[in-house]
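What follows is a set of notes on a single structure, which appears directly below.
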Amino acid sequence: MSEATRQLVGNLNALATGLFLLTAFGIVAMRQARGCLHLFIAQSLLLAASAALLGLRFGSWHLFGVALVNLITKPVIVPWLLRRTAPAQIYTRREIDQVLNIPTALAIALALAIGAYFVGVPLAQALGPEFHGPNVPIGIAGLLLGAFTLTVRREALPLLIGLLAMENGAFLAGISIARDLSMLVELAIATDGLIIVFIVGVLVRAVERHVGTTAVGELASLKESPHERA
């Protein structure tokens, strides 16, 4: 591969990772479950694009396999499972309950992203010159923003999307650090993720059917009455 082509692939990867970070901010700010799911799909597509671009740049077939697995599981199978298992009312609800308002949440998310930059860039430089690039700091930022989403959301489905966004961030950094990751490992992780999505979706449907809400705060306050205990 010529130097000009490598530069072009590197620039395209920087664009994909930059858009990946924007989707992470979007998931933090989005107040509709359907919008969060669409942003997760876009984020997963950008993760697959970054893996394919890095595979092209470094000639790694493992990364092409990672891109293919992510392209099939997260943007296609995960949304299908959620739509099949989770109740439709969750997607039509106007707003998601959140601990913080949007400006405060975005300000904290920005601070986390800046902190991830100051941690990720020295880490990438310490690993070697071939690891210089946006994947490590942006991947750490995506991981932190997904974790932050878990702390501020009160609905079960957005909490699950935050968990999946954390996984996307970890993979974005991982494909840059461990470019020869075995396909068996990737398939095992993807399968575990699909099982988790299926189980959570079924539980959300069952809870919503019997309780009438999927708000975590309200579920935590539920108690048996003395008559039921007796």
Side-chain angles (χ1 to χ4, degrees), residues 13-51 53-54 66-67 70-71 73-75 78-79 82 90 95-124 131 133-178 189-190 192-193 196-197 200 214-217:
N13 180 60
L15 175 62
T17 54
L19 293 174
F20 180 97
L21 183 59
L22 286 179
T23 60
F25 277 103
I27 291 173
V28 171
M30 183 60 63
R31 299 298 292 269
Q32 290 81 29
R34 188 186 299 273
C36 287
L37 182 59
H38 289 165
L39 285 171
F40 168 73
I41 293 172
Q43 186 182 77
S44 300
L45 291 172
L46 292 167
L47 172 60
S50 178
L53 289 168
L54 289 179
V66 169
N70 277 279
L71 190 63
T73 57
K74 294 178 180 177
V78 167
L82 287 176
I90 293 178
E95 286 194 355
I96 300 169
D97 288 335
Q98 187 162 302
V99 176
L100 302 174
N101 57 41
I102 293 178
T104 303
L106 285 177
I108 296 174
L110 179 60
L112 290 174
I114 294 173
Y117 174 82
F118 284 108
V119 172
V121 171
L123 177 61
F131 298 106
N135 282 71
V136 174
I138 291 181
I140 295 175
L143 178 64
L144 293 177
L145 293 183
F148 176 64
T149 303
L150 289 175
T151 64
V152 298
R153 293 293 166 84
R154 292 177 175 173
E155 296 285 341
L157 184 60
L159 286 174
L160 175 61
I161 293 176
L163 180 63
L164 295 173
M166 285 181 63
E167 183 189 14
N168 277 352
F171 266 109
L172 187 71
I175 58 177
S176 175
I177 298 172
I189 295 174
D192 289 342
I196 292 172
V197 170
V200 172
T214 59
V216 176

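If you take CE on Met30 and CD1 on Ile102, they are separated by 8.5 Å, rounding to the nearest 0.5 Å. Atom CG of residue Leu21 and atom CD of residue Gln43 lie 9.0 Å apart, to the nearest 0.5 angstrom. Interatomic distance, CG of Leu163 versus CZ of Arg153, reported as 14.0 Å (0.5 Å rounding). Rounding to the nearest 0.5 angstrom, the gap separating the CG atom in Leu45 from the CZ atom in Phe40 is 9.5 Å.
Across all non-hydrogen atoms, the minimal contact from Ser176 to Val136 is OG-CG2, 4.2 Å. Of all the heavy atoms in Ala113 and Ala141, the pair that sits closest is CA-CB, 4.1 Å. When all heavy atoms of Ala67 and Ala48 are compared, the pair lying nearest together is CB-O, 3.3 Å.
Evaluation of the side-chain hydrogen bond (donor to acceptor under 3.5 Å, both in side chains) test over residues 108-121, restricted to residues two or more places apart or in two chains, returns none. Screening residues 99-115 for side-chain hydrogen bond (donor to acceptor under 3.5 Å, both in side chains), with sequence neighbours left out, gives Asn101-Thr104.
Distance alone, capped at 3.5 Å, is enough to place a donor-acceptor pair between the Thr23 side chain and the Phe20 backbone. Proximity of a side-chain donor or acceptor of Ser50 to a complementary backbone N or O of Leu47 within less than 3.5 Å is not detected.
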Item to check | Test side chain to side chain contact (heavy atoms under 4.5 Å, CB included) applied to Leu164 and Lys74, step by step | outcome: CA-CA 9 Å; Leu164 295 173; Lys74 294 178 180 177; over 6 Å; no
Next on the checklist: Working note: Asn135 + Ile175, criterion side chain to side chain contact (heavy atoms under 4.5 Å, CB included); need CA distance, chi angles, decisive distance, verdict.
Outcome noted: CA-CA 8 Å; Asn135 282 71; Ile175 58 177; 3.9 Å; yes
Item to check | side chain to side chain contact (heavy atoms under 4.5 Å, CB included) between Leu19 and Leu15, worked out | outcome: CA-CA 6 Å; Leu19 293 174; Leu15 175 62; 4.3 Å; yes
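Taking the side chain as every heavy atom from C-beta outward, Phe148 and Leu144 never approach each other to under 4.5 Å.
Here the rule is side-chain contact (heavy atoms from CB on, under 4.5 Å) with Leu172, and of Ile138, Leu143, Leu46, Ile140 only Ile138 fits it.
Side-chain contact annotation: Asn168 with Ser44, donor-acceptor N/O pair under 3.5 Å present.
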